[in-house]
Amino acid sequence: MKLIALILYGIVCSLLCPRTFGRNRNAKSEAMSQVLSRILDSQRYDSRLRPNYGDGPVVVTIGFWILSIEKIDVVNMDFTIDIFLRQEWNDKRLGHGLNQSITLNPRVMKEIWVPDTYFVNAKTGSLHRVTTPNMMLMLTPAGVLKYNARITIKAACPIDLRKFPMDSQICPLILESYGYNNKHITYKWELSGTDGKTFVPSGVRLMPNYKLTKIHLSLTMNVYVTGNFSGVRAEFTFKRSYSYFLIIMYGTSSVIVAVSWMGFVVPLEQTAARIALGITSLLTEVTILNMMNNSMPKVSYVKSSDKYLIGCFGFVFLTLVEYCAVLLLKGKQKQRSIQEHDIAIKQENAKSRVAEQTNWINGTLLTTEEENSCRYLDLSSSVTTSNDNSVILTSEFVEPAKDNKPLCQIKYRVQGFIHRARKKILTNGFILGMDEYSFKLFPVAFAMYTTFCWMDYL
């Protein structure tokens, strides 16, 4: 009998208790609806007016939580960041006196006052709406509203590439009120200090070529025609990861310069090989320079990478210039040999001529006009005539006539110096020495230039 009574009691409770629980739940919902209706009553609450109107500004506390930093676009000078934006302010008119906070539907925001916060340096921005608008609104018993929204912002960032690729970029994110000056709204950070690293979770998704090293928080006060506007500013410091550029830019350019340096060991007679090596190296340097600058903005200053690449281009170009100079001297040497051969023949022919008709000075046949102009020269071979009109060859230094002008003396002294220098330069020893000394000095000069470029990053 006891067992039957317990079974009957359980059946009765299962039929009656859900209705009781349902009534309790409905009662709580009705009570909450009445509270919201009371505090949002249009006769009691005017959403057109800010809280504390006429009694000091509203203090809006700002915070954020970084979800990801997508990229830094150095060409367009901006960066893209995905965050949870938090705002908190006190509206005493919405105090409900319950012992718990109320989580409201985002549609309620149309019925309450919300600060008109905007991003000052934003280019574009969007509120995530999949699957519904990503917003959360919570109301505490004292009337404190906590608003949270997921936002993606593309904000302007002043890019400075003077130290590229070992540069650091400081990208700001500035928030302030659009329509309320500091007499109506003042902003502050939810953190007391200036370090905002606590806004960054440990597993945040960052860019592969940058590292977030610092977040500095500060307050701003911008002056406009309509008044002073309070705001907050977060500065993100990004350090570029330069290992990629060390391989692609510095490594490749150094190897190309080394290849052009190897051209000094190619024999002078191998003209096609040395010219092809130099031109190929030069074009490769131009390709690297264009490739790096095509991904960069057109700035008015010279980047550190440009200094190095232009220097590498200059070293490769100098190898071609040096070889052209060697070829030029070789051609001059061959031409001089032909001229000396012709002069020897002319000197032989001069023995049968009368001295009054010609004079030989420095191995050069002078005309009567040249002879009469000035007689000062270092004579390597002169032709004179004896009393019996026979030709006599002498080698002596003839002083200029006393009545010659000083300008004439200077002219022929310079010509004499050029003649001696040319005679010394147009030798096989000097020409081969150019290649030998260039081969030794080239790596030393390039190492010094590379050191100078690296000191620019300090």
Side-chain angles (χ1 to χ4, degrees), residues 161-166 242-296 298-299 301-339 418 421-457:
L161 297 171
R162 286 181 173 87
K163 299 292 184 180
F164 176 83
M166 299 183 185
Y242 52 83
S243 57
Y244 168 80
F245 299 97
L246 287 180
I247 299 172
I248 298 300
M249 186 178 67
Y250 286 92
T252 306
S253 297
S254 300
V255 170
I256 292 172
V257 173
V259 169
S260 67
W261 169 59
M262 294 177 185
F264 291 117
V265 302
V266 179
L268 295 177
E269 296 76 15
Q270 302 293 331
T271 304
R274 290 191 65 165
I275 292 295
L277 184 63
I279 292 179
T280 303
S281 301
L282 195 67
L283 293 178
T284 307
E285 280 293 339
V286 171
T287 302
I288 295 176
L289 187 61
N290 289 334
M291 179 185 68
M292 298 305 301
N293 287 328
N294 285 339
S295 60
M296 295 290 148
K298 303 301 183 287
V299 294
Y301 49 83
V302 179
K303 304 185 289 292
S304 296
S305 60
D306 292 337
K307 295 177 184 178
Y308 183 78
L309 292 176
I310 293 174
C312 293
F313 177 86
F315 275 96
V316 175
F317 180 72
L318 286 177
T319 60
L320 283 174
V321 172
E322 187 272 345
Y323 187 59
C324 291
V326 169
L327 291 180
L328 179 63
L329 293 179
K330 272 290 192 182
K332 291 289 185 179
Q333 184 188 35
K334 185 176 181 180
Q335 184 180 1
R336 181 178 176 82
S337 299
I338 297 174
Q339 289 178 350
I418 293 175
R422 186 180 298 171
K423 187 176 181 180
K424 184 177 180 180
I425 291 174
L426 298 180
T427 59
N428 288 330
F430 184 86
I431 296 174
L432 294 176
M434 286 185 61
D435 257 8
E436 182 180 353
Y437 281 107
S438 298
F439 179 77
K440 294 178 181 179
L441 292 177
F442 187 91
V444 176
F446 183 69
M448 293 176 62
Y449 182 79
T450 303
T451 303
F452 169 76
C453 290
W454 280 96
M455 290 178 63
D456 190 43
Y457 293 116

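Note: hydrogens, waters and symmetry copies are ignored here, and every other heavy atom, side chains too, is used.
Side-chain atoms of R274 and L268, non-hydrogen and from C-beta on, do get closer than 4.5 Å to each other. Counting heavy atoms from C-beta on, the side chains of Y242 and M249 never come closer than 4.5 Å. Looking at heavy atoms from C-beta onward, T319 lies out of side-chain contact with L277 at the 4.5 angstrom threshold. The closest side-chain heavy-atom distance from F264 to E322 is below 4.5 Å. At a threshold of 4.5 Å between non-hydrogen side-chain atoms, the residues K307 and Y449 count as touching.
Distance NZ/K303 to CG/L161: 6.5 Å, rounded to 0.5 Å. Here OG1 of T284 is found 11.5 Å from CZ of F313. Values are rounded to the nearest 0.5 Å. Separating the OG1 atom in T287 from the CG atom in L282 is a distance of 9.5 Å, to the nearest 0.5 Å. Distance check: M292 CE to L309 CG gives 7.0 Å after rounding to the nearest 0.5 Å. We find the CD1-OG distance between I248 and S253 to be 10.0 Å, quoted to the nearest 0.5 Å. Within the model, atoms CG of L246 and OG1 of T252 stand 11.0 Å from one another, a figure rounded to the nearest 0.5 Å.
The two atoms that bring S281 and V259 nearest to each other are OG-CG1, 4.0 Å, heavy atoms only. Contact between S305 and Y250 at its shortest, heavy atoms only, is CA-OH, 4.3 Å. Here the shortest heavy-atom pairing between K163 and S304 reads CA-OG, 3.8 Å. The shortest heavy-atom contact between T280 and A276 is OG1-O, 2.7 Å. Across G278 and V316, no two heavy atoms sit closer than the pair O-CG1, 3.9 Å.
With sequence neighbours left out, the ring pair (Phe, Tyr, Trp, His ring centres under 6.0 Å) criterion links Y244 to no other residue. Shown here are the side chain to side chain donor-acceptor pair (under 3.5 Å) partners of T271, two or more places apart in sequence or in another chain: Y323. Taking the ring pair (Phe, Tyr, Trp, His ring centres under 6.0 Å) definition, one finds that F446 meets it with F315, sequence neighbours left out.
Using a 4.0 Å cut-off between charged side-chain N and carboxylate O, K330 and E269 make no salt bridge.
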